[in-house]
Structures are given as structure tokens and as C-alpha cells.
Amino acid sequence: GQQLNQSPQSMFIQEGEDVSMNCTSSSIFNTWLWYKQDPGEGPVLLIALYKAGELTSNGRLTAQFGITRKDSFLNISASIPSDVGIYFCAGQSTQGAQKLVFGQGTRLTINP
Amino acid sequence: DAGITQSPRHKVTETGTPVTLRCHQTENHRYMYWYRQDPGHGLRLIHYSYGVKDTDKGEVSDGYSVSRSKTEDFLLTLESATSSQTSVYFCAISEFGGSTEAFFGQGTRLTVV
């Protein structure tokens, strides 16, 4: 099946640092989505990207849809304790029009 | 928050017993999905529905069946639960399918002993 490779798998940072994570795919994607999951909760949508090259911000979060349509990144600036959680990328490829495929997740831990 | 309710939220069952998980939505979205979440695997698609009585398999569909008799309800059934099906199950809904945002329920933690 379609695979999304998300990295890094985990991050341990100090409060106030910037964070960067990315997803890559071997196939072309039409849509990239970034989700955050808090413990015991379902994933919550952070940012949606629909066009190659698109750069979108949501507060301290910025995400980009790669020009090749095979990758996306998410940046978090000036991290705060509530940013702790698991971040997932998800995408809809040209091969699976009705499905969203998810990356393995990046677990973010912040040291105060 | 999108109106998605999963039930039950927690369940412990014995190997070999049938189990049904329910997802109920109040958004009238066409697409509904069942995912399972396991450490190191992210979210993997089990089955999805693109309308009433219209369903298709995802990447990990073996051992699972689904039904959608009404727009608002999507049921996931484990005919004979196995320990490998111990997981957290999430339902998601989407208005236009994979090209738009999917919204998730709070999950059902299933333990098969």
C-alpha cells in the first residue's frame, strides 16, 4: 500500500526552541494534512494543504506542500508546553482518491 | 468540534467473541472511516464508506467487517476477536473524501484477552 515516511519519530527539545518535522512519499499526493494528537484523544487537524508549493500558517505553525508533491514539512516556532503530543502527517495520493494515508507520527516532548 | 461519537470508549473482551464498535455522526458527511492505531504504526485504515451501503477495504481489513445502513452510523465488527486486534480504534468523517479534511472521534480502546 501507499507509504508515508515521517521523521523524526521522536523529538526532545527545550521550551522556546523551534521544531521541524517532515513527511515523504514515493508517490504523488494531491493533499497533505497535519494533525496533532493529545493523550487519550483523537487526532485534531492543524493545517491542510492542497496545492504544490503552498505555504500555510496557523499561529506558530507553518506547513508546506512540496513542489514535487511527494513531501511536506511542518514547523513549530517558539515551542510551548502545550505543543507536547504526537504529530501526524496524512495525505491523499493520486492512487487512492477516497483514502487518507497516515505517517507513523512524531512524538514531541518538551523540557521546561 | 465535529459531531462524532464513538461507543463504547473502552472495552475488554475475550478471544473468540464478536465485538461491534459504533461510530455516530451528526454532520451528514458522506465519507466515514475506521482506523486502528498501534505504537510504531501510526493510523492504519481498516475500512471506509463512501455512502449508505457503500464500503471498501483499507490496508488492514482482514478480520474486520463493516456496515453502514444509515448516513449517520458506521459499525465495525470483529467477528471473532483475537489478541492482535487489541488496539485503539478511531472513526473519522469527511465531507468529500480523501481530498478534504477528515475529523476524528475520541477513539475506542479495545483489549482482547
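The chains referred to below are lettered A, B, ... by the order of the sequence lines, with proteins before strands, and numbering in each begins at 1.
- Of the two parts of Arg44(B), neither the backbone nor the side chain holds a non-hydrogen atom closer than 4.5 Å to a non-hydrogen atom of chain A.
- Using a 4.5 Å cut-off between side-chain heavy atoms of Ile, Leu, Val, Met, Phe, Trp and Tyr, with links allowed through other members, Ile86(A) and Val88(B) fall into the same hydrophobic cluster.
- Both the backbone and the side chain of Leu43(B) come within less than 4.5 Å of a heavy atom in chain A.
- Checking Phe102(A), Tyr35(A), Phe88(A) one by one against Tyr35(B), the ring-ring contact (aromatic ring centres under 6.0 Å, His included) holds for a single residue, Phe102(A).
- Hydrophobic clustering (side-chain heavy atoms under 4.5 Å, transitive across Ile, Leu, Val, Met, Phe, Trp, Tyr) groups Ile13(A) together with Met21(A).
- Within the structure, the salt bridge (charged side-chain N to carboxylate O under 4.0 Å, His left out) test picks out the following pairs touching residues 67-86 of chain B (sequence neighbours left out): Arg22(B)-Asp73(B), Lys70(B)-Asp73(B).
- Looking at every heavy atom in both residues, Leu100(A) comes nearest to Ala102(B) through CD1-CB, 3.6 Å.
- Hydrophobic cluster membership differs between Tyr87(A) and Phe73(A), with clusters built from Ile, Leu, Val, Met, Phe, Trp and Tyr side chains linked at under 4.5 angstrom.
- With a 4.5 angstrom heavy-atom cutoff, Gln6(A) does not touch chain B via any of its atoms.
- Gln37(B) touches chain A through its side chain: at least one heavy atom from C-beta onward sits under 4.5 Å away, while N, CA, C and O do not.
- Counting all heavy atoms, side chain and backbone alike, Glu101(B) lies closest to Leu45(A) at CG-CD2, 2.9 Å.
- Of all non-hydrogen atoms in Gln37(A) and Phe90(B), the two that sit nearest each other are NE2-CZ, 3.2 Å.
- Remark: Glu14(B) CD is loosely packed, at most 12 non-hydrogen atoms of other residues, nucleotides or ligands lying under 6.0 Å away.
- Within a 6.0 Å sphere centred on CD of Gln9(A), other residues, nucleotides and ligands contribute 12 heavy atoms or fewer.
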